[in-house]
Amino acid sequence: MPEDHRLNIFVVGLDEANLPTLRAVPGADAYRFHGLLTPEELQEGEVSVNDLLDRARKVLDAHEGSIDAIVGYWDFPVSTMVPILGKEYGTRTTSLESVVKCEHKYWSRLEQRKAVDACPRFGRVDLDTDDPRPPEGVSFPMWLKPALAYSSELAFGVKDEREFQAAVKEIRSGIGRVGRPFETVLGMLELPEEMDGIGGEVCLAEEAMTGIQVAVEGYVHEGRPTVYGVLDSINYPDSPCFLRHQYPSTLPPDVIRTLHDISERTMRQIGFDTATFSIEYFYDPKTGDVGLLEINPRHSQSHAELFQYVDGVPNHHRMIALALGRDPALPSGGGDHAMAAKWYYRWFTDGKVHRIPGPERIAEIEKDIPGVRIDIVPEEGQKLSAVSQQDSYSYEVAHIFTGGTDEEDLRRKFDRAVAALGLTFD
């Protein structure tokens, strides 16, 4: 197709790792993907939302040709920039308010509670007082987290008063990095009475949930929510850190139906439309309880390869179809593998990584082990604690994608890939 007839899709925070999966969506030869700001510009240090918007506008205004879609698959500030720019440039997105109702963890809990009975007990922690205390009615063990954070940054599981105070100290010192820019976005909305004076630098406490972690992916098209995938999220033993995401889920069909129902009711309550979402849950097989952990107002780019392996199409397809006003529905199970996983190869103490293989060696490993793709996280000699967006308990060293026939096949391929990488630390 001639270049000037292709649709122009602007991706806020376009990165090299996602470009191959974007180009693998159906009909990709009819699209031109344009990067709109880099991931580094969007996530390093304390961002200025207004500055980022101005820089994005300059790129869009200088573009000669149509602006057919503005999309993104990252959290704040990307998630909020997409509807702001979409409104200004006439592209299809969900509303800014619906995104913030997902992103602001306290407001999100208030909305969830109106639609479903799947929330833990929760409340706000006053960081301004000399002696912060857990909210009334919220018991240990609990999680403390800012209203907004990158990944699981500044999220702490605490089991007693001593750990509570230590977590409060950490959150106090770091909450402004994302909280202050979030205030800019809150200022663009007419907030309901229940959000008066809450702001972006609020700390949430909620009772810890137990069980199996599950991720649900879906979208809302013409006001109708649809769940198209359920994935198991499996942690390292005795750790809150992900070992792998696995698709499709191995949970019983009645649990899958419950997850569909809760997800659809919640997204209707929030007023979400014309966009993808992902929701994280806990399922407790002992009690049968399902607990909603958090809502992300975007699909998970972490899962793109998994859907491509199993369904034949990466989940980026839904984001693009919705942004172009098309029905994103697709049959499942059209891929080359029955099951797929994204593995998080982690190190649990700080150090420097040595002997990182170059692109040629990684390509060799991927060729030797069919159904494997590898992304190394740190750079040669980089201290792991200097890598951005790590969680509070571990350091990501590599992301390893595997497609296979069953769980055993996935694990065997992961083990082979780790051994072949031969990474060393000091």
Side-chain angles (χ1 to χ4, degrees), residues 17-18 20-26 28 73 211-219 226-237 242-260 263 276-283 285 290 299-319 321 328-345 362-375 398-421:
N18 276 285
T21 43
L22 282 166
R23 287 176 174 154
V25 302
Y73 39 73
I212 299 163
Q213 280 190 260
V214 195
V216 164
E217 293 237 354
Y219 59 84
T226 299
V227 169
Y228 61 81
V230 180
L231 305 92
D232 295 329
S233 299
I234 295 147
N235 289 353
Y236 278 81
F242 288 134
L243 170 61
R244 71 184 184 273
H245 299 299
Q246 186 170 289
Y247 176 66
S249 172
T250 56
L251 289 175
D254 60 322
V255 179
I256 302 282
R257 282 193 296 272
T258 299
L259 291 165
H260 279 237
S263 302
T276 56
F277 63 84
S278 58
I279 308 179
E280 295 171 44
Y281 289 94
F282 277 93
Y283 165 64
V290 170
H299 67 289
S300 173
Q301 54 83 30
S302 289
H303 301 156
E305 284 87 352
L306 309 192
F307 285 98
Q308 188 174 3
Y309 280 170
V310 176
D311 294 338
V313 176
N315 57 359
H316 292 319
H317 158 73
R318 270 93 179 183
M319 170 187 74
L330 273 179
S332 59
D336 295 332
H337 302 278
M339 188 170 269
K342 176 183 181 178
W343 300 79
Y344 295 82
Y345 180 33
I362 287 177
E364 278 178 22
I365 298 168
E366 291 173 345
K367 189 178 177 184
D368 288 345
I369 315 170
V372 163
R373 195 172 83 70
I374 299 166
D375 287 333
H399 301 150
I400 300 174
F401 301 88
T402 59
T405 53
D406 53 27
E407 284 191 50
E408 186 53 44
D409 193 23
L410 299 180
R411 180 174 289 281
R412 194 163 46 242
K413 288 180 179 181
F414 170 70
D415 290 342
R416 280 183 65 193
V418 168
L421 283 172

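Excluded from the calculations below are hydrogen atoms, water molecules and symmetry mates; all remaining heavy atoms, backbone and side chain alike, are included.
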Minimum heavy-atom separation for [X] and [Y], please, with both atom names.
{"X": "A341", "Y": "R244", "answer": "CB-CD, 4.1 Å"}
{"X": "D406", "Y": "M339", "answer": "C-SD, 3.9 Å"}
{"X": "L306", "Y": "K342", "answer": "CD2-N, 3.5 Å"}
{"X": "I365", "Y": "I374", "answer": "CG2-CD1, 3.7 Å"}
{"X": "V372", "Y": "A417", "answer": "CG1-CB, 4.3 Å"}
{"X": "T226", "Y": "F277", "answer": "O-CZ, 4.2 Å"}

To the nearest 0.5 angstrom, please state how far the [atom1] atom of [X] sits from the [atom2] atom of [Y].
{"X": "I256", "Y": "T250", "atom1": "CD1", "atom2": "OG1", "result": "8.0 Å"}
{"X": "L410", "Y": "D415", "atom1": "CG", "atom2": "CG", "result": "11.0 Å"}
{"X": "R411", "Y": "E408", "atom1": "CZ", "atom2": "CD", "result": "7.5 Å"}
{"X": "I400", "Y": "W343", "atom1": "CD1", "atom2": "CH2", "result": "9.0 Å"}

**Prompt:** Restricting to pairs with a member in residues 364-374, which pass side-chain hydrogen bond (donor to acceptor under 3.5 Å, both in side chains), not counting sequence neighbours?
**Reply:**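 Counting only pairs at least two positions apart or across chains, the side-chain hydrogen bond (donor to acceptor under 3.5 Å, both in side chains) contacts touching residues 364-374 are E305-R373, R361-E364, R373-D375.
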Are [X] and [Y] packed together at the side-chain level, in the sense that at least one heavy-atom pair is separated by less than 4.5 angstrom?
{"X": "Y344", "Y": "H245", "answer": "yes"}
{"X": "T276", "Y": "N315", "answer": "no"}
{"X": "V255", "Y": "V214", "answer": "no"}
{"X": "E217", "Y": "S278", "answer": "yes"}
{"X": "Q308", "Y": "F401", "answer": "no"}
{"X": "V230", "Y": "P248", "answer": "no"}

**Item:** Residues forming a ring pair (Phe, Tyr, Trp, His ring centres under 6.0 Å) with Y73, sequence neighbours excluded
**Value:**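 Only H316 meet the ring pair (Phe, Tyr, Trp, His ring centres under 6.0 Å) criterion with Y73.
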**Request:** Output all residues satisfying ring pair (Phe, Tyr, Trp, His ring centres under 6.0 Å) with F282, sequence neighbours left out; order by chain, then residue number.
**Result:**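 In terms of ring pair (Phe, Tyr, Trp, His ring centres under 6.0 Å), with neighbours along the sequence ignored, F282 is linked to no residue.
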**Asked** Short question: side chain of H317, backbone of P328 - any donor-acceptor pair under 3.5 Å?
**Response**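 At least one qualifying donor-acceptor pair exists.
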**Asked** Excluding sequence neighbours, so at least two apart, what forms side-chain hydrogen bond (donor to acceptor under 3.5 Å, both in side chains) with D311?
**Response**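 Result, side-chain hydrogen bond (donor to acceptor under 3.5 Å, both in side chains) vs D311: Y247.
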**Request:** Name all residues meeting the side-chain hydrogen bond (donor to acceptor under 3.5 Å, both in side chains) criterion together with Y309; count only those two or more places apart in sequence or in a different chain, and write none if there are none.
**Result:**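 Testing Y309 for side-chain hydrogen bond (donor to acceptor under 3.5 Å, both in side chains), a comparison that skips the adjacent residues, returns none.
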**Message:** side-chain contact (heavy atoms from CB on, under 4.5 Å), that's the test. Do L330 and R318 meet it? Break it down for me.
**Reply:** CA-CA 9 Å; L330 273 179; R318 270 93 179 183; 3.8 Å; yes
**Asked** Of all residues at least two apart in sequence or in a different chain, which pass the salt bridge (Lys or Arg N to Asp or Glu O under 4.0 Å) check with D409?
**Response**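 Checked D409 against salt bridge (Lys or Arg N to Asp or Glu O under 4.0 Å); matches are R412, K413.
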